Amino acid sequence: MKKRNKIPIEELIARIHALAYNLWWAWNPRAQQIFEELSPLVWEETKHNPVAVLSQVSDAELRAYLNDREFLEMVLPVLDDFDAYMSGPKKPGTSGGKAELHRGTIAYFCAEFGLHECLNFYSGGLGILAGDHVKSASDLGLHFVAVGLFYRRGYFEQQINESGHQTEDYPPVDPAMIPVRSVRDDTGKPVVCSVMIGEEEVFFETWRIDVGRSTVYLLDTDVPENSDEVRGLTSLAYGGDVNMRVRQEIVLGIGGVRLLRSLGIRPSVFHMNEGHAAFLTLELLREEIEKSGDVVMAERSVKSRCVFTTHTPVPAGHDRFPRDLMEHTLGHHCRAMGLDMDGLMSYGNIHPDQGATEFIMTVLGLKFSRAANGVSKKHGEISSIMWKDLYPTTRRKALPIGYVTNGIHVPTWTSRRSWEFWERRNSHRWKDEFHNAGFWEHLADPEVVPDEELWSLRYTLRRDLIEFIRRKTRDGRVVGGVPGMEAILRLLSYDSLTIGFARRFAPYKRAPLLFSNLERAVNLFNDPQRPIQLVFSGKAHPRDGDGKDFIKQVTQLCDHPSLNGKIVFIVDYNINVARYMVSGCDVWLNTPRRPLEASGTSGQKIAINGGLNLSIPDGWWMEGYNGKNGWSIGKRDAVFGSPEEADRADADELYRILAEEVIPGFYDRNSDGLPKKWIARIRNSLRTIIPTFNTHRMVSEYAKKYYFPK
Ligand SMILES: *Cc1c(COP(=O)(O)O)cnc(C)c1O
């Protein structure tokens, strides 16, 4: 450590408190260590929440530790790193510092943000992607603000009852106990803004989450100015019916723009991440019409500033609102713009002249965007076909909807164990490099990281996962695990090939596909020489009956006499469970019905931990799979007569690959006990997946193609 003048302890205490309120710690394990050290119990019990930890540590106690040299030497480098990150030149990585990335402020709107397990403002992949986007935008030094909703009771916490039925709890959060802060004006009063919903003025305050150098603003209608009903408007994520949905989206879109204006933020780009936020265009339109009075010019001006990302080819995934609901909630806004209802409805319809009865949010977003994209190459093509009628003048071959393939924020998804592993084999600057292909080419070299070491990492990570599951079993949070030490010690094996399946239980993802022929499945699980085991996790949307049935099927399998102890379902999938699973599983299984997986990202998270993908060629895996870095279930151009036929063919192919390739590959050991070919596959996965499927590449691509095109 550098020689330095002694820093006053009060200043250090203040800096530790400031650190707790910036999610930079969420992707810096050494920062997390400080809080864990302060209170291992609170850290563990509050989903790794540093604000909760500090609420339990008095300044007197902190002072005592800071007088201890060892603790101080742990803290100082972290605080220095943080300061350097916040004030430093445009940050590390691929495109950091390039001028074209920094030409204006980007406002990124999304209905959910998955930033860390202690902030329950997300339901699944869309939110995780948004969270990772915000983090990379900070790393790359973009001027970036994000806007979402502050769900006081979040997305639900899952319970599974005796018969395998999912039930939902919505525990309230205390904003004072999580890393968010109220947005206040110069006089210290909360900033209050409002939107009109129907004839009612709805007020909201705002919470901010600092994520490195990015800021996420979350709007909250739970303020005393509102009626009781309106106070609850933003309390649940995807909780209510269509009436609540449209009102939440008005707050998000129209309210979000109002908030930015009241803070003096004038973005040059508005990025709508999925249709939920598309009402923002109507507020921009109102501003322009007010200025110029010319609707055509106003439309053009809005369109020149907006970009849109669509996330699903599933029709039910696109919000549609009936005309009378639109009239009831947006009539006032409409009149403020001098538009009539037909005018408004035309923005949300492909063929407005044909008597529009529904308003489609995706259509609104697309109509007011200068450019739009899907989230993988295939999904860009599918979306172009899906919405082709919106682009009648586009040449037949040209695709009106482009693509930016999703990625993950690598440091967020690197388990602490893997982090230390890669860091030990490289300088402590490894995190500046981990997006570079050359760097992984180097690390994938057996001369640099021998097979023995990679295999020992795999063992450790598998053990970490299984011990995590055993601890959760003790707490009654694992279906298929029976509490009691003796039973727990028989649950899962540290030596068995461990397959993971975790994601939202949307029916198209076909969670039970591996069990469509139960006898074949049972045989695979019970091979005495080459056993396999499976870890499930995931939530079904509260109103998705089919998804809930899948959960029931899967959890009942956990108790099947021939599968018991080999299949478990971890209750309440969240970022923490995901992190353990994507590091501990040897194989990550994904079985979507084609072409419904727009991208998927969870399989990208396992590469850095040495796991391998076994997936239907759909979404990102169409681009990621190269024949040597995992397995593809079926051919990429396969065509089926019906969904049932696809299910049968995909299941057959899955059994075949498991029996002929995956399982033998894992158990084929040399005299040192090493599966040489398996490890070679891991090396190919490291080399090919990490440098491409990360959010630094993704955000740079958004910046170059969509935010600031030449
Ligand atoms: C990564 C992640 C997802 C997205 O998973 P997909 O397989 O891409 O659908 C959903 N939920 C959590 C908690 C995740 O970490």
Side-chain angles (χ1 to χ4, degrees), residues 124-125 164 166 312-314 479-480 497-526 532-541 544-560 562-563 566-570 573 581 585-600 602-603 606 611-622 625 630-636 638-663:
Q166 167 184 295
T312 176
V314 182
V479 181
L497 170 58
T498 305
I499 301 175
F501 185 103
R503 47 185 53 82
R504 287 180 306 115
F505 267 55
Y508 78 85
K509 293 181 185 251
R510 299 189 296 186
L513 189 76
L514 176 56
F515 299 92
S516 43
N517 181 332
L518 191 59
E519 198 187 323
R520 273 175 99 169
V522 165
N523 286 339
L524 287 178
F525 279 84
N526 287 302
I532 62 173
Q533 55 193 5
L534 180 59
V535 182
F536 276 115
S537 194
K539 297 174 175 179
H541 187 277
D544 177 3
D546 294 339
K548 285 183 162 182
D549 280 348
F550 275 4
I551 288 188
K552 197 177 249 181
Q553 278 183 44
V554 158
T555 51
Q556 281 169 356
L557 287 167
C558 300
D559 295 327
H560 188 285
S562 308
L563 296 170
K566 297 183 171 170
I567 303 183
V568 295
F569 180 97
I570 305 176
Y573 189 44
M581 286 187 68
C585 292
D586 300 289
V587 168
W588 196 251
L589 178 65
N590 192 16
T591 52
R593 182 175 283 147
R594 286 175 258 189
L596 299 183
E597 183 85 316
S599 167
S602 59
I606 70 157
L612 293 170
N613 279 280
L614 166 59
S615 173
I616 297 277
D618 198 14
W620 81 277
W621 193 232
M622 298 274 285
Y625 177 61
W631 297 271
S632 165
I633 306 168
K635 299 226 163 19
R636 33 186 307 138
V639 184
F640 304 103
S642 68
E644 294 72 28
E645 188 190 322
D647 292 355
R648 266 194 310 277
D650 287 339
D652 275 347
E653 185 59 15
L654 174 57
Y655 291 125
R656 189 197 64 73
I657 296 188
L658 280 171
E660 292 176 13
E661 299 183 32
V662 180
I663 299 173

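Values below: every heavy atom of this structure, side chains too, minus hydrogens, waters and symmetry copies. Nothing here was measured: the structure is a model prediction, and the numbers come from that model.
Counting only distance, with no hydrogens or angles, the side chain of R504 and the backbone of G125 share no donor-acceptor pair below 3.5 Å. Put simply, the side chain of Y508 never gets that close to the backbone of R594: no donor and acceptor are under 3.5 Å apart. At distances below 3.5 Å, not a single donor-acceptor pair connects side-chain atoms of Y625 with backbone N or O atoms of R636. Within the 3.5 Å criterion, the main-chain N or O of R593 finds no donor-acceptor partner in the side chain of D650. Under a 3.5 Å cut-off, the side chain of Q166 and the backbone N or O of A540 do form a donor-acceptor pair. Not one N or O on the side chain of S615 forms a donor-acceptor pair closer than 3.5 Å with the backbone of P617. For the pair D618 (side chain) and E597 (backbone), a donor-acceptor distance under 3.5 Å is present. Between the side chain of N613 and the backbone N or O of G603, at least one donor-acceptor pair lies under 3.5 Å.
Shortest non-hydrogen contact noted between I657 and I633 is CD1-CA, 3.8 Å. Nearest heavy-atom pair across P592 and R510 is O-NH2, 3.0 Å. F515 and L563 make their closest contact through CE2-CD1, 4.2 Å (heavy atoms, listed as atom of the first residue, atom of the second, distance). Of all heavy-atom pairs between L589 and R503, the closest is O-NH1, 2.9 Å. Counting all heavy atoms, side chain and backbone alike, I570 lies closest to S537 at O-OG, 2.8 Å. Of all heavy-atom pairs between I532 and F525, the closest is O-CD2, 3.3 Å.
R656 CZ: more than 12 foreign heavy atoms inside a 6.0 Å radius.
For the pair I567 and H560, the minimum side-chain heavy-atom distance is 4.5 Å or more. Annotation: side chain of T591 is not in contact with side chain of L514 (no heavy-atom distance under 4.5 Å). The shortest distance between side-chain heavy atoms of C585 and I606 does not fall below 4.5 Å. Within the 4.5 Å cutoff, side-chain heavy atoms of L654 are placed close to those of L614. Taking the side chain as every heavy atom from C-beta outward, N590 and W621 never approach each other to under 4.5 Å.
Distance CZ/F501 to NZ/K509: 7.5 Å, rounded to 0.5 Å. Going from atom CG of L557 over to atom CG of L534 covers 9.0 Å, rounded to the nearest 0.5 Å. Taken to the nearest 0.5 Å, the CG atom of L524 stands 8.0 Å off from the CD1 atom of I499. Taking CD1 of I551 as the reference point, atom CG of D546 lies at 12.0 Å (rounded to 0.5 Å). One distance of note links OG of S516 with CD of E644; it measures 12.5 Å at 0.5 Å rounding.
Side-chain N/O atoms of W588 and S602 include a donor and acceptor closer than 3.5 Å.
For R520 and D652, the salt-bridge test passes: some basic side-chain N is under 4.0 Å from an acidic carboxylate O.
Under the 6.0 Å cut-off for aromatic ring centres, Y573 and F505 do not qualify, their centroids lying 6.0 Å or more apart.
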